[in-house]
Amino acid sequence: MIKDKVVIITGASSGIGEAAAKRLAGEGAKVVLGARREDRLKSIADEIVNGGGHAIHRALDVTSRSSNEDIVRLAMDAFGRVDAIFLNAGLMPSSPVSALKTDEWDRMVDVNIKGVLNGVAAVMPTFLKQKSGHILATSSVAGLKAYPGGAVYGGTKWFVRDFMEVLRMESAMEDTNIRTATIYPAAINTELLGTISDRQTADAMKGLYANFGIAPDRIADVVAFALDMPEDTTVNEFTIGPARQPW
Ligand code: NDP
């Protein structure tokens, strides 16, 4: 059941996070939206609330441990519990290694890796106390296969895969009743390509997405499916992308 679940969503100001927020709220979840662009969060939350749903929001920078703790605290203060967190914030400034865009490498490590760690660290004490919780994360098809241009981006997403899989196993071993789901999307039409500064890579990716990209609502469907599973069931890994994708 999704109804009445309290779900924190990171990267909720656009794309996959926004679509998931609207979808889950439409099914009766109480969503807690986090990202840096607070104005965007506010208008998404307003839309949900005006439609009869439950949504609150807070500016969140996933690279900051205390910012992650703050959004968990907000959820607890507003709703008294947290049932799930969707660790979805990310960026993809892909480029060839030889371009040496080292600041972008650092940024991807900070957001795509440390952001996930910070989110888990912030919510875990609550989940352990409740003896239940659901952690969902957005990896990528680039977390399953290697792609030229995606050495660092892909590396951050391979990390998410490893981390989430070990978390799943340890949660079972420790009997914490914390479930996991990792999502591996490909070519979803969002604002993600706007993070690419390398001209050649950006042009190639834009062409590919224009040809193959699908809507973020499809990922929201998968998030809803995973969350809807009964407590005794984990549906753990989803790859989802365009039916026509040749890669
Ligand atoms: P968007 O660019 O539309 O969304 C990215 C989200 O991440 C935004 O809400 C952005 O919000 C947020 N974000 C970025 N940096 C931070 C930060 N420091 N703190 C908090 N939030 C942050 O792209 P998508 O919806 O596509 O991306 C969502 C996830 O999906 C990412 O992890 C991406 O890697 C993954 N993904 C996407 C694919 C695609 O084809 N689109 C394919 C595979 C995976 P703000 O700027 O307001 O902080």
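Atom set for the values below is all heavy atoms of this structure, side chains included, hydrogens, waters and symmetry mates excluded. Computed from a predicted model, the values in this text were never measured in an experiment. Order of appearance sets the numbers: ligands from 1, and atoms from 1 within every ligand.
- Legend: salt bridge (Lys or Arg N to Asp or Glu O under 4.0 Å) pairs involving residues 222-239, not counting sequence neighbours, sorted by first then second residue: R161-E237.
- A donor and an acceptor atom, one from each side chain of S14 and R37, are located under 3.5 Å apart.
- Annotation for L144: hydrophobic cluster partners, listed by chain and number, are Y184 (ILVMFWY side-chain heavy atoms under 4.5 Å, direct or chained).
- A salt bridge between E27 and R23 is present, with a side-chain N of the basic residue lying under 4.0 Å from a carboxylate O of the acidic one.
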Output, in order, the C-alpha distance, side-chain angles, deciding distance and verdict of side-chain contact (heavy atoms from CB on, under 4.5 Å) for F163 and L117.
CA-CA 9 Å; F163 179 81; L117 294 177; 3.5 Å; yes
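- Under the 4.5 angstrom side-chain criterion for Ile, Leu, Val, Met, Phe, Trp and Tyr, the cluster partners of V235 are I2, V7, I9, I16, L24, V31, L33, L41, I44, I48, F86, L136, I183, I188, I214, I219, V222, V223, F225, L227, M229, F238, I240.
- At a heavy-atom cutoff of 4.0 Å, ligand 1 is surrounded by G11, A12, S13, S14, G15, I16, A35, R36, R37, L60, D61, V62, N88, A89, G90, R107, V111, T138, S139, S140, Y153, K157, P185, A187, I188, T190, E191, L192, Y209.
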